[in-house]
J.: 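Got a structure for you, questions after.
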Amino acid sequence: MRQTLRQRLSEAIFAQFGLETAPTVNRAPAGFGDWTSNAPLQIAPLLRREASQIGHTLASRLAPHFAGRIEVVGGRLNFHMNDDILRATFERSQREGAHFGASETLSGQRILVEFVSADPTGPLSFPSGRHAAVGEAICRLLENQGARVTREFYLNDATSSSKIRALGEGVAHWYLEAFGRAGGPIERDANEPFVRGVAAELARQGGAKWLDASEEERLAAGSAAALESATAAQKATLERFGVRFDQWVRETDLAREGRVEAALHRLREGGFTYERDGALWLQTSRFGDESDRVLTRAGGAPTYFAGDIAYHLWKGERGFDRIITLWGAEHRPYIARTRAALEAAGCELERFEFLICEGATLQRDGATLRLGSGGGSLLLDEEVAEIGADALKFGFLRVEMGKVATIELEIAHRDDETNPAYAAQLLPSRLARLAREAQGQISASAASSESEVEWAAGERELARLVAVWPDDAAEAALRREPARVARFIGEMSDATRDVLHRTVPSNVPMPQRLQLLRAAGNATLSALKMLGIEGREKF
C-alpha cells in the first residue's frame, strides 16, 4: 500500500503542479492516521504557496484512489484506512498463511551476502554472533521478497598472516610443554584455553612426532591443527545458532587457484600500481581513499588487502546481480579502499554494497563481561546454551545495526514480558489462544458484518499493524533493516496484550475478530521467520 500511495502522490503532484518528485510516505505516529506524507511541505517553497493549500488540493486528487479518509494537518497528508481496507488485508492473510507479507519484488535477482567471516583463530566469539544473526536476517528479508540468496563465509586462513603465525606459535609452545620441553615464557591471552586444547589434541594424536622436527615444521603443524579445529568449532556453533552457509571460501584456495596473482596483474595492467621500497602499491587515493595501499610487501608476499581484492573480484565474476558484504565496525575504514580497488579494476561499483554492523556486549548487573565461564574469550556457544538461540537472536536484532547490542543477563533470564525476547516468543501462542476463544464464541448463525464497526483500541491497532505488515516487510528488505521487523513484533506484542486485557468490549462481530486474530498470527509467524526465530503456537 505504501508504494501505491507514493506512486499516486507522485502522479498527482506532476498532474497538478508539473513537478517530478519522489515523495515519502511513512507509517504515521499514533493519532495521525495510518500513513503520512510531508510532500506538501516539501514542494511548498518551490511553488511559493501555502503547504496546507497544496495538501487540500492533493487530497482531493487522491481521494478517488484511496478507500479511506485523507486529512490535511499542518501541511501533512494523513491517510486513515477504513474497514474495507482492513478486511481486504485479512483476506489476503488468510490466502497467504505464514507467507503473508512476502512478494516477488526481487524475483529473478541473484544476491550474494558475505557475513561473519571471523578470523579462524578460535571458536566464534559472542560479538560475532551479532553479525551472524544480522546477516542471516538480511538474507531472509531478501528471500521474502523473491531473491535467490547465496550465503558465504570467507576464511582468512593464509599461514603467512601474523594472527595465524601467532596461533601456531602458541600451539607449538603448549605441545612442547606437554612433553616437558617448553621453551621460554609465552604471552598469554583470552584465547589460551583454545590453544592449549589444540596442543593437547596434537600431542594425543601425533605423540612425539613433532618433538624433533624443526621449529618451522612444528609451527606449521600447530597452525594447521588450530585452523582445522577453529573452523570446525565455528561451523558447529553457527549450526546450533541456526545459521548455515552455502559456501566457505578460503583465502589459501584463492591463492592456489591463481586468483590473487590474476588480481595483481589486472591492477598492473590498468596502470594504477607503482613500486616503492621494494613493495607494490595501489593508487587507491585516486579513487577517494585517504592514502595508497600496499599490495605486495618487499620480497613479493601479498598483503591481506591483495587477497581481499582477489576475493571481491571473484565475487563479481560469478554473475550475481547484487553483492552485499556485512562487516564489523572495525572494518569501516576498509570500505573506501575496497571500493577504490574495485573501481581501479574496472568493476561495476553499483553491484557492490557494504554494510557495517556494530558488535554486542554482555552485561550482568550493569557490568560488561569480558571473559567466558572458563576464563577464556566470551564465546557465542556459551550464551546460546545459557540464553537460547532464538532469545539471543531477538536481543541482537532488535537493536539497529549501527548501534552496539547490549544483552543484560538478568533481563534475558526473565520468563515474563519485561524480557522483550520472551514477549516475542510468547506472541504466536497468545494470538492462537485468543483465536481459539473467538472460534468457540461464534454461533452457528453468526455472519460477518460489512458495516463500519467500533474497534477497541487494541483491536484497531492490531488491525492496523496487520495491514501495514507487507509494506514493513518490503521496506525492511529494501533498507536492510532487520531491526524494523523486530520493532514490528514488539508493536504486535503490545497491541495483543491490550486486546487480551481490555475491560470494555468492542462491537466487532466475532467472525471478524477471529479473522483479525488469525491474520495477526500469520503476520507474526512471517515476521519471526524473517528473523530466523521459530514461531510456536504453544510456548
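Each residue takes its place number in the sequence, starting with 1.
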J.: Testing the basics here: between A118 and Q234, what is the closest heavy-atom pair and its distance to 0.1 Å?
T.: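 A118 and Q234 have their closest heavy atoms at O-OE1, 4.0 Å.
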J.: Which word best sums up how the rings of Y334 and W327 line up, parallel for under 30°, tilted for 30 to 60°, or perpendicular for over 60°?
T.: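 Aromatic pair Y334/W327 classed perpendicular.
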J.: Look at E475 together with R479 and state whether they make a salt bridge at an N to O cut-off of under 4.0 Å.
T.: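 Yes, this pair counts.
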J.: Which of parallel (below 30°), tilted (30 to 60°) and perpendicular (above 60°) describes F153 and F245?
T.: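 The arrangement is perpendicular - the two ring planes meet at more than 60°.
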J.: For the aromatic rings, using the six-membered ring if either is Trp, is the centroid distance between F79 and F32 under 6.0 Å?
T.: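 F79 vs F32: aromatic centres not under 6.0 Å.
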J.: Is a donor from one side chain sitting under 3.5 angstrom from an acceptor on the other, for E152 and Y311?
T.: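 Yes, side-chain donor-acceptor contact under 3.5 Å.
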J.: What's the verdict on salt bridge (charged side-chain N to carboxylate O under 4.0 Å, His left out) for R140 and E136, showing C-alpha distance, side-chain angles and the deciding distance?
T.: CA-CA 6 Å; R140 288 170 177 257; E136 174 65 21; 2.9 Å; yes
J.: Is the backbone N or O of A412 less than 3.5 Å from a side-chain atom of N419, with the two atoms forming a donor-acceptor pair by type?
T.: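 Yes; judged by distance alone, with no hydrogens or angles, the pair exists.
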J.: Just one of Q94, R92, H99 clears the side chain to side chain donor-acceptor pair (under 3.5 Å) bar with E96, so which one?
T.: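 Only match with E96 under side chain to side chain donor-acceptor pair (under 3.5 Å): R92.
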J.: Does D289 reach the main-chain N or O of A336 with its side chain, forming a donor-acceptor pair under 3.5 Å?
T.: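 No.
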J.: With a 4.0 Å cut-off on N to O distance, would you call E239 and K235 a salt bridge?
T.: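 No salt bridge links E239 with K235.
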J.: How long is the span from the CG atom in L517 to the CZ atom in R433, to the nearest 0.5 Å?
T.: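 Going from CG on L517 over to CZ on R433, the span is 11.5 Å.
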J.: To the nearest 0.5 angstrom, please state how far the OG1 atom of T368 sits from the CD atom of E408.
T.: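 Output value for this atom pair is 9.0 Å.
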J.: Answer yes when R337 and D308 have at least one side-chain N-carboxylate O distance shorter than 4.0 Å, and no when they do not.
T.: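 Here R337 does not pair with D308 in a salt bridge, since their nearest N and O are not under 4.0 Å apart.
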J.: Is E71 salt-bridged to R69, going by a charged N under 4.0 Å from an acidic O?
T.: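 So E71 pairs with R69 through a salt bridge.
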J.: Keeping the roles fixed (side chain from N82, backbone from I85), state whether a donor-acceptor pair exists under 3.5 Å.
T.: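 Judged by distance alone, yes, a pair lies under 3.5 Å.
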J.: Answer with yes or no whether the side chains of N38 and T24 bring together a donor and an acceptor at under 3.5 Å.
T.: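 Result is yes, a qualifying pair exists.
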J.: Keeping D321 on the side-chain end and R110 on the backbone end, is there a donor-acceptor pair under 3.5 Å?
T.: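 Yes: the side chain of D321 pairs with the backbone of R110.
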J.: Once rounded to the nearest 0.5 Å, what's the spacing between atom CZ of F354 and atom CG of L342?
T.: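 So the gap between those two atoms works out to 5.5 Å.
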J.: Can a donor-acceptor pair be found between the side chains of R518 and Q439 at a distance below 3.5 Å?
T.: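 On atom types as modelled, these side chains qualify, holding a pair under 3.5 Å.
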J.: Is it true that a side-chain atom of N78 and a backbone atom of G33 form a donor plus acceptor pair closer than 3.5 Å?
T.: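 It does not hold such a pair.
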J.: Decide whether Q363 and T406 meet the rule of one side-chain donor and one side-chain acceptor closer than 3.5 Å.
T.: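 No, T406 and Q363 have no side-chain donor paired with an acceptor closer than 3.5 Å.
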J.: Salt bridge or not for R339 and E353, using N-O below 4.0 Å?
T.: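 Looking at E353 together with R339, the answer is no, because their closest N to O distance does not fall below 4.0 Å.
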J.: Would a distance-only check, ignoring hydrogens and angles, find a side-chain to backbone donor-acceptor pair under 3.5 Å from S526 to N522?
T.: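 Side chain of S526 to backbone of N522: no pair is present.
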J.: Would you mind checking if R464 and E491 are paired as a salt bridge, meaning a charged N to carboxylate O distance below 4.0 Å?
T.: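 Salt bridge absent between E491 and R464.
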J.: Test your reading of the model: is there a side-chain donor-acceptor pair from R364 to the backbone of E410, 3.5 Å cut-off?
T.: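 No: the side chain of R364 does not pair with the backbone of E410.
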J.: As an exercise, state the distance from CZ of F100 to OG of S93, rounded to the nearest 0.5 Å.
T.: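 The distance works out to 5.0 Å.
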J.: Under a 3.5 Å distance rule, please check whether S37 uses its side chain to pair with a backbone N or O of A39 as donor and acceptor.
T.: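 Such a contact is found between S37 side chain and A39 backbone.
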J.: With a 4.0 Å cut-off, would you call R61 and E11 a salt bridge?
T.: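 So R61 does not pair with E11 through a salt bridge.
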J.: Do K393 and F241 meet the cation-pi criteria used here (NZ or CZ under 6.0 Å from the six-membered ring centre, within 45° of the axis)?
T.: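 Because its charged atom sits under 6.0 Å from the ring centre and within 45° of the axis, K393 does stack over F241.
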J.: Would you say S493's side chain and I489's backbone share a donor-acceptor pair under 3.5 angstrom?
T.: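 Checking the backbone N and O of I489 against the side chain of S493, no donor-acceptor pair under 3.5 Å is found.
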